[in-house]
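Notes follow once the structure below has been shown.
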2 protein chains.
Amino acid sequence: MSTTRARLLEQVADDSQRHYADYMLFNQAMADHLGLHPTDLQCVSLLDLESAPVSVGDVARLTGLTSGSATRLVDRMVKAGLVERHPDPHDRRRQLVALAPEARARIGAAWDEPGRAFVAVLDSYSDDELRLIADYLRKAAAVGRDQAARLAGGGQA
Amino acid sequence: MSTTRARLLEQVADDSQRHYADYMLFNQAMADHLGLHPTDLQCVSLLDLESAPVSVGDVARLTGLTSGSATRLVDRMVKAGLVERHPDPHDRRRQLVALAPEARARIGAAWDEPGRAFVAVLDSYSDDELRLIADYLRKAAAVGRDQAARLAGGGQA
DNA sequence: AGATTTATCTGCGTTACGCAGATACTTCTC
DNA sequence: GAGAAGTATCTGCGTAACGCAGATAAATCT
């Protein structure tokens, strides 16, 4: 591998790290702005992404919290009117968690301007370029997921 | 704008959101693995990125914490042997925070395998493609930074 | 039916965090 | 250069998010 190639790889890795740092900052600012704990906002985001019903245990898995903490997270969010708890008709032990419609609107409104700015960036790329970016995002996400799994339990299992 | 273009933009935005969700999970798993609070790991990452000396106040700005919390964050990290505090020779009010060499090695080792997996993904792209990805990362980071600033103080200033 | 596993919830202790005020130092103004 | 204003860090205090371990209830296995 040539030196310039190595340098390019290093450069992208560095850009990636800075990119994540800025994202974290944005995420905290957004949570503050909405009067939420960062974890709560993360949970909202997760619920927004999932089309299938999500149980409290799923919340725990998706956030990396323990089951007890997930219960309290949902408690908090129900109290704040962000989500609703519904018993699972197929398993009476489980509670399904769903975004409250009113919360979806409220959070959606807060995403309005950041979303516009972000889409403006995306819109500066061609279709092919966007497909490449999407491909990268999916592959990087897969690495994150795999490595998280490895660190969490894969080590000794 | 054609419908397929709109759908493509939506698709990339969705991939981006999932990508961030997976990153958060990885970040927490990594922090747990190192026995650190996620904030501490974030701080390590920030110190790793900055080449210029970083003060406690800088840590507060870069993490989004208040100055008091930043002081405690640095306290914690000094106690854990992650960073060292040195008085700023040019301003005796300030304390400069630097990664402890031993910590850099320890954290670096933990990044070894995830780093390899990540670079493997990057290596599957051509030079031009990598330049495009880097460009995207920088632009997305800029959006995050701008929007964080807007949410934090730009609203009424 | 009884035993085991699984999903959620509940005490309890630890600790990260924000807020507000204190202290030490620098910079500005005259 | 003395006093005022601004800035960097630290400290006391209260709140609350989190993990852990055990309780409870319902599903699944034998």
Side-chain angles (χ1 to χ4, degrees), chain A residues 24-25 27-44 46 52-80 82-98 151-153, chain B residues 24-25 27-44 46 52-80 82-98 151-153:
Chain A
M24 295 287 278
L25 208 52
N27 198 55
Q28 287 195 346
M30 176 64 93
D32 281 358
H33 179 250
L34 290 167
L36 300 179
H37 195 273
T39 307
D40 298 26
L41 184 60
Q42 185 190 355
C43 185
V44 167
L46 293 168
V54 171
S55 71
V56 174
D58 292 333
V59 168
R61 268 182 294 281
L62 293 168
T63 56
L65 295 172
T66 60
S67 69
S69 297
T71 293
R72 296 230 150 84
L73 167 63
V74 174
D75 282 351
R76 212 160 60 221
M77 295 179 74
V78 167
K79 199 166 146 196
L82 292 169
V83 301
E84 291 162 0
R85 237 198 272 250
H86 301 292
D88 183 339
H90 299 307
D91 186 338
R92 295 205 323 234
R93 292 168 305 177
R94 309 211 311 165
Q95 295 282 340
L96 299 180
V97 183
L151 289 169
Chain B
M24 295 287 277
L25 208 52
N27 198 55
Q28 287 195 346
M30 176 65 92
D32 281 357
H33 179 249
L34 289 167
L36 299 179
H37 195 273
T39 307
D40 298 26
L41 185 59
Q42 185 190 354
C43 185
V44 167
L46 293 168
V54 171
S55 70
V56 174
D58 292 333
V59 168
R61 268 182 294 281
L62 293 168
T63 55
L65 295 173
T66 61
S67 69
S69 296
T71 293
R72 297 231 149 86
L73 168 64
V74 174
D75 282 350
R76 213 161 59 221
M77 296 179 73
V78 167
K79 200 166 147 196
L82 292 170
V83 302
E84 291 162 1
R85 238 198 271 249
H86 301 292
D88 183 339
H90 300 306
D91 186 338
R92 296 202 324 228
R93 291 168 304 178
R94 308 211 313 165
Q95 296 281 340
L96 299 180
V97 182
L151 289 169

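Throughout, a chain's letter reflects where its sequence line sits, starting with A, and its residues are numbered from 1. We use all heavy atoms of the structure for the numbers below, so side chains are in, but hydrogens, waters and symmetry mates are not.
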- Note on the structure: Sequence neighbours excluded, the answer for side-chain hydrogen bond (donor to acceptor under 3.5 Å, both in side chains) partners of A:Arg72 is none
- Query: At how many degrees, to 10°, do the end axes of the helix from C:dA1-D:dT30 to C:dC30-D:dG1 meet when each uses five pairs?
  - Reply: 30°
- Item | Distance-minimising heavy-atom pair for A:Cys43 and A:Val59 | SG-CG1, 4.0 Å
- Message: Minimum heavy-atom separation for B:Met77 and B:Val44, please, with both atom names.
- Response: CE-CG2, 3.6 Å
- Item | Partner set under salt bridge (charged side-chain N to carboxylate O under 4.0 Å, His left out) for A:Asp32, not counting sequence neighbours | none
- May I have the step-by-step check of side-chain contact (heavy atoms from CB on, under 4.5 Å) for A:Val78 and A:Glu84, ending in yes or no? CA-CA 6 Å; A:Val78 167; A:Glu84 291 162 0; over 6 Å; no
- Item | Length of the line joining B:Lys79:NZ and C:dT14:C1', which is rounded to integer Å | 12 Å
- Message: My understanding is that only residues two or more places apart in sequence, or in another chain, count here; which of them pass side-chain hydrogen bond (donor to acceptor under 3.5 Å, both in side chains) with B:Thr39?
- Response: B:His37
- Message: Evaluate A:Leu46 against A:Val54 for side-chain contact (heavy atoms from CB on, under 4.5 Å), listing each step before the verdict.
- Response: CA-CA 9 Å; A:Leu46 293 168; A:Val54 171; over 6 Å; no
- Item | For chain A, the stretch of DNA chain D it reaches, first to last nucleotide, under 4.0 Å of its heavy atoms | D:dA17 to D:dA27
- Whole-Å distance between C:dC17 P and B:Asp40 CG? 7 Å
- Which residue lies more 5' along DNA chain C, comparing B:His90 with A:Gly57 via nearest heavy atoms: A:Gly57
- Query: Do the non-hydrogen side-chain atoms of B:Val97 and B:Ser55 ever get within less than 4.5 Å of each other?
  - Reply: no
- Query: Is there side-chain contact between A:Met30 and B:Leu151, with at least one heavy-atom pair below 4.5 Å?
  - Reply: yes
- Task: Return the residues of residues 62-72 of chain B meeting this criterion: a heavy atom under 4.0 Å from some atom of DNA chain D. Order them by number, or give none.
- Result: B:Ser67, B:Gly68, B:Thr71, B:Arg72
- Task: Whole angstrom is fine here: how far is it from CG in A:Asp75 over to P in C:dA7?
- Result: 18 Å
- Can you tell if the side chain of A:Arg76 reaches within under 4.5 Å of the side chain of A:Asp40, non-hydrogen atoms only? yes
- Query: If each of A:Arg92 and B:Asp58 is mapped to the nucleotide of DNA chain D with the nearest heavy atom, which maps nearer the 5' terminus, i.e. the 5' end?
  - Reply: B:Asp58
- Is there a side-chain contact between B:Met24 and A:Thr63 (heavy atoms, below 4.5 Å)? no
- Give B:Arg85 one of three labels, base, sugar-phosphate or nothing, depending on what nucleic acid heavy atoms sit under 4.0 Å from its own. sugar-phosphate
- Message: Could you tell me how far apart B:Leu36 (CG) and C:dT15 (C1') are, to the nearest whole angstrom?
- Response: 15 Å
